Engineer: 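Quick one: the structure is below, and I'll ask about it shortly.
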Amino acid sequence: MDIQSDAPATALSTVRDAIARSERIAGRPAGSTTLIAISKTKPVEAIEALIEEGHRVFGENRVQEAALKFPALRARYPDLQLHMVGQLQSNKAEDAVALFDCIHSLDRMSLARALAAAMDKAGRRVPCFVQVNIGEEEQKGGCAIADLPQFLDQVRALDLPVVGLMAVPPADLEPSPYFALLAKLARAHGLDQLSMGMSGDYENAVRIGATHVRVGSALFGSR
Ligand SMILES: *Cc1c(COP(=O)(O)O)cnc(C)c1O
């Protein structure tokens, strides 16, 4: 099927059905996976097409782009949920805390301190996923696996609401072993939410326990 020529409504129901099927195969409760529609680089009209189908949960990877697109949408649809899934600079922490309902890219202490200060100032606690560099790739963001126990201790000491782990497995490798490793790390640290799986691999991720899948091109067409 050509994803790009798929109308947004069709793409959404295709992805929803695939998630439901994977939940069933894994013996998980129906609806236990949150689909985050990653709308980076896509225009507001494309987002609205999914909103009209009843979808409410979106993700962006840049603070500036989200700040241009979402405040007007939120004014019209107050129940929208916006997730930050990209690398976040500490100097954008205040903007991020104001804009987003969840942050998936907490990966270093400088950012943790900036987010904690921004949340105190705003009087708003924004749930965070700790991003793990699950494939130990040099160029990739995320906390090193070996540093995770200490990082979680330090972040929790700042009173940041850490809800789970997030990862992007290495491109071009079978992702399932990385999903399984992330799930194991989360269990070991008493975290029950898992942000993993994108357009190419979200069904596998759901079977392995993803509570949040981040799907862009399968919904909106290629970028
Ligand atoms: C862009 C992006 C996605 C979505 O990728 P698709 O392959 O288009 O589904 C998911 N997660 C992160 C962190 C991203 O930057």
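This is a predicted model, so every value here is computed, not measured. Read the numbers this way: they start at 1 and go in the same order the structure lists the ligands and their atoms.
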Engineer: Where the closest heavy atom to atom 9 (O) of ligand 1 is concerned, which of S222, G221, G86, S199 has it?
Structural biologist: S199
Engineer: Describe, in one word, how the ring planes of H104 and H212 are oriented to each other, choosing from parallel (under 30°), tilted (30 to 60°) and perpendicular (over 60°).
Structural biologist: perpendicular
Engineer: Give me the nearest non-hydrogen protein atom to atom 11 (N) of ligand 1 as residue plus atom name, then the distance to 0.1 Å.
Structural biologist: R214 NE, 2.9 Å
Engineer: So is there a nitrogen or oxygen of N61 less than 3.5 Å from a nitrogen or oxygen in ligand 1?
Structural biologist: no
Engineer: Salt bridge or not between R124 and D101? Use side-chain N to carboxylate O under 4.0 Å.
Structural biologist: yes
Engineer: Starting from atom 2 (C) of ligand 1, what is the nearest protein heavy atom, named by residue and atom, and what distance separates them?
Structural biologist: K40 NZ, 2.6 Å
Engineer: Quick check for you: to the nearest 0.5 Å, what is the distance between C102 atom SG and M166 atom CE?
Structural biologist: 10.0 Å
Engineer: Do F70 and V44 have side chains that get closer than 4.5 Å, going by heavy atoms?
Structural biologist: no
Engineer: Using a 4.5 Å cut-off on heavy atoms from C-beta on, say whether the side chain of L73 contacts that of L82.
Structural biologist: no
Engineer: Return the residue, atom name and 0.1 Å-rounded distance of the protein heavy atom closest to atom 10 (C) of ligand 1.
Structural biologist: M198 SD, 3.2 Å
Engineer: Is a salt bridge present between K140 and D107, judged by a nitrogen-to-oxygen distance below 4.0 Å?
Structural biologist: no
Engineer: Tell me the protein heavy atom at minimum distance from atom 13 (C) of ligand 1, and give that distance in Å.
Structural biologist: V85 O, 3.3 Å
Engineer: Please determine whether the number of non-hydrogen atoms from other residues, nucleotides or ligands lying under 6.0 Å from atom CD of Q193 exceeds 12.
Structural biologist: yes
Engineer: Under 4.0 Å from a heavy atom of V215: which atoms of ligand 1 are those, numbered in the order shown and with their elements?
Structural biologist: 9 (O)
Engineer: Report yes or no: does a heavy atom of R223 sit under 4.0 Å from some atom of ligand 1?
Structural biologist: yes
Engineer: Can you check whether A218 has an N/O within less than 3.5 Å of an N/O in ligand 1?
Structural biologist: no
